[in-house]
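Take a look at the structure set out below.
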Amino acid sequence: PRRLSGDLVRLPTRVRQSIRDVQRVLEQTKADVLVGFGGYVSLPAYLAARGRTPIVIHEANARPGLANRAGARFTSYVASAVPGAISGAQHIGLPLRRAIATLDRAAICQQAREHFGLAPDLPTLFVFGGSQGARSLNKAIVDAAPALTSAGVQILHSAGERNDDQRPTAALGSAPYVGLRYIDRMDLAYAAADVALCRAGAMTCAELAAVGLPAVYVPLPIGNGEQRLNALPVVGAGGGFGAAGSGSGAGVKSRNTVAAYIAGTTSASTVSSSLPVSPTHADLSIARLNRYAFDYLLPHSFGPENLGK
C-alpha cells in the first residue's frame with residue numbers, strides 16, 4: 001500500500017508473518033538457494049533467507065523496485081537485464097525461451113505469415129499489448145488501420161482475450177488485417193513482422209532486441225517509469241521509437257510513425273540489421289549464478305569472466 005490506510009497499518013504484522021511462512025518453507029524443503037526476481041512476494045523471502053540460505057537476485061527492469069533494491073544488500077549474487085540497474089550487478093540479460101533466443105526470423109518468415117493467414121510479400125505490422133492486450137494500443141490501431149491497410153501495410157493484432165470490441169469496424173484497405181484474442185506462438189509472430197507496436201515491458205524489450213525486430217514502444221504510463229527506461233537502450237541504438245503517451249492522438253502518431261518506419265527512407269530491414277544483439281544466454285548464466293551461490297565457500301569463483309563459461 002502506498003497511501004495511509006488500514007492496509008498500511010497492518011503491513012508490518014503481515015510482513016512478519018510472511019517472513020515466518022517463508023522460513024518454514026525453506027526449512028521444510030531444505031532449499032540450497034533462494035532465487036528472487038523482484039515483486040512484492042520477494043522482499044519477505046529475502047528477509048527470511050538472510051543469513052540462512054544463499055540468495056540470488058535477478059533484476060529485469062532498468063529501474064529496480066523496492067524488493068530487489070533491499071535484497072541486493074543481503075547478497076553479492078546479483079544479476080541484471082540492463083547494465084547499471086543495480087550497483088555491482090552482473091549484466092547477463094534476461095532469461096529467454098530457446099524458441100526466441102535462437103529464432104531466425106528471415107528463415108521462417110514465409111512459414112510464419114502463412115500460419116497467420118497473412119500475405120507473403122506485404123510489409124507487416126504486429127500489434128500486441130501483453131497477454132491481456134492494451135486498450136490504448138487497441139484504440140490506436142483501430143484509428144490507424146484504415147490508412148495503414150490502404151497504404152499496403154498488413155496488420156497482425158493481438159487484442160486480448162476480453163477485447164473483442166477493440167478491433168477495427170470501419171472499412172479497411174486491401175492489405176489483410178488479422179485480429180486475434182491471444183497469440184501463443186510469439187516466435188512466429190515476430191518472424192512474420194517487419195515492425196511491432198507494443199508496450200515496453202522488460203521481457204518485450206529483451207525479446208525484440210534478441211530477435212532483431214524494430215518497434216514503436218508505447219510505455220505503460222504508470223508505475224515508477226521503468227517501461228520508458230527499459231526501451232531507452234534499444235531506441236538509443238536505433239532499434240525503434242519511443243512514443244510517449246497514449247491519448248486521443250495516439251492513433252495518428254502510431255500510423256505516421258509506423259508508415260515512416262516501413263515505407264520511409266529507412267527500411268525496417270535496415271533498422272533490424274543495425275539492432276544491437278541482446279544477450280541470449282541469461283538462462284545459463286542464472287544457472288551458473290545459482291551454482292556459485294550454492295558453492296558459497298568459493299566466492300571468488302563468481303565473476304563476469306566465469307558467467308560466460
Side-chain angles (χ1 to χ4, degrees), residues 60 94 96-97 99-101 103 105 108-120 122-149 153-170 172-173 175-222 227 230-231 234 239-243 246 250-251 253-255 257-259 261-262 268 272:
L94 197 65
L96 303 177
R97 292 171 292 150
I100 300 298
L103 179 64
R105 289 174 49 231
I108 64 169
C109 177
Q110 296 306 310
Q111 171 195 338
R113 290 183 179 181
E114 182 179 349
H115 175 82
F116 291 111
L118 296 166
L122 290 180
T124 304
L125 168 67
F126 176 33
V127 183
F128 65 102
S131 60
Q132 301 301 315
R135 181 173 295 273
S136 63
L137 296 187
N138 290 345
K139 183 180 186 306
I141 206 60
V142 165
D143 294 342
L148 287 172
T149 53
V153 177
Q154 62 184 346
I155 301 169
L156 175 61
H157 179 200
S158 179
E161 291 281 5
R162 302 180 180 180
N163 299 333
D164 288 340
D165 60 333
Q166 297 172 34
R167 301 183 190 177
T169 56
L172 302 180
Y177 165 87
V178 177
L180 301 171
R181 288 184 171 184
Y182 179 75
I183 294 177
D184 60 2
R185 288 297 304 273
M186 289 296 286
D187 55 331
L188 293 181
Y190 291 155
D194 292 301
V195 62
L197 174 65
C198 56
R199 290 298 191 198
M203 185 61 74
T204 295
C205 292
E207 289 190 344
L208 293 183
V211 303
L213 179 62
V216 178
Y217 292 101
V218 184
L220 189 67
I222 61 174
Q227 287 210 1
N230 290 340
V234 180
F241 290 110
S246 54
K253 293 176 182 177
S254 299
R255 180 189 67 204
T257 303
V258 169
Y261 225 157
I262 293 181
S272 177

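The chain is numbered in sequence order, starting from 1. Any value given below was found using the heavy atoms of this structure, including those in side chains, with hydrogens, waters and symmetry copies removed.
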What closest approach, in Å, do Tyr182 and Ser158 show between heavy atoms, and which atom pair accounts for it?
-> CA-OG, 4.0 Å
Starting at CG of Leu148, measure out to CD1 of Ile155 and round the result to the nearest 0.5 Å.
-> 5.0 Å
Using atom types as modelled and distance alone, determine if a side-chain donor or acceptor of Arg105 lies under 3.5 Å from a backbone N or O of Gly212.
-> yes
Between Ile183 and Ala189, which heavy-atom pair has the shortest distance, and what is it?
-> CG2-CB, 4.2 Å
Does the side-chain contact (heavy atoms from CB on, under 4.5 Å) test come out yes or no for Thr124 and Cys109, once each step is laid out?
-> CA-CA 11 Å; Thr124 304; Cys109 177; over 6 Å; no
Considering non-hydrogen atoms only, spot the tightest contact between Leu213 and Ala196 and give its length.
-> CD2-CB, 4.0 Å
Kindly say whether Gly173 contributes a backbone atom to a donor-acceptor pair with the side chain of Thr149 at under 3.5 angstrom?
-> yes
Gly160 backbone acceptor or donor facing Arg181 side chain under 3.5 Å = no
For the residue pair Thr204 and Cys198, what are the closest heavy atoms and their distance?
-> CG2-SG, 3.8 Å
Could you tell me the separation between the CZ atom of Arg162 and the CZ atom of Arg135, rounded to the nearest 0.5 Å?
-> 12.0 Å
Distance (rounded to the nearest 0.5 Å) between Tyr177 OH and Leu156 CG = 9.0 Å
Return yes if some donor-acceptor pair links the side-chain N/O of Glu207 with the main-chain N/O of Ile100 below 3.5 Å, else return no.
-> no
Backbone N or O of Gln227 within a donor-acceptor pair of the Arg199 side chain at under 3.5 Å?
-> no
Taking the side chain as C-beta and beyond, is there a heavy-atom pair between Ile108 and Leu103 under 4.5 Å?
-> yes
Nearest heavy-atom approach of Ala209 to Val234 is CB-CG2, 4.2 Å
Partner of Lys139 under side-chain contact (heavy atoms from CB on, under 4.5 Å), chosen from Asp143, Ile141, Leu137 = Asp143
Without swapping roles, check the side chain of Ser136 against the backbone of Ala134 for a donor-acceptor pair under 3.5 Å.
-> no
About how many Å separate CG of Leu94 and CE of Met203, when rounded to the nearest 0.5 Å?
-> 4.0 Å
Closest heavy-atom pair and its distance - Ala200, Pro219 = CB-CA, 4.3 Å
Drop me the distance from Gln110's CD to Leu118's CG, to the nearest 0.5 angstrom.
-> 10.5 Å
Inter-residue atom distance His157.NE2 - Asn163.CG, 0.5 Å rounding | 8.0 Å
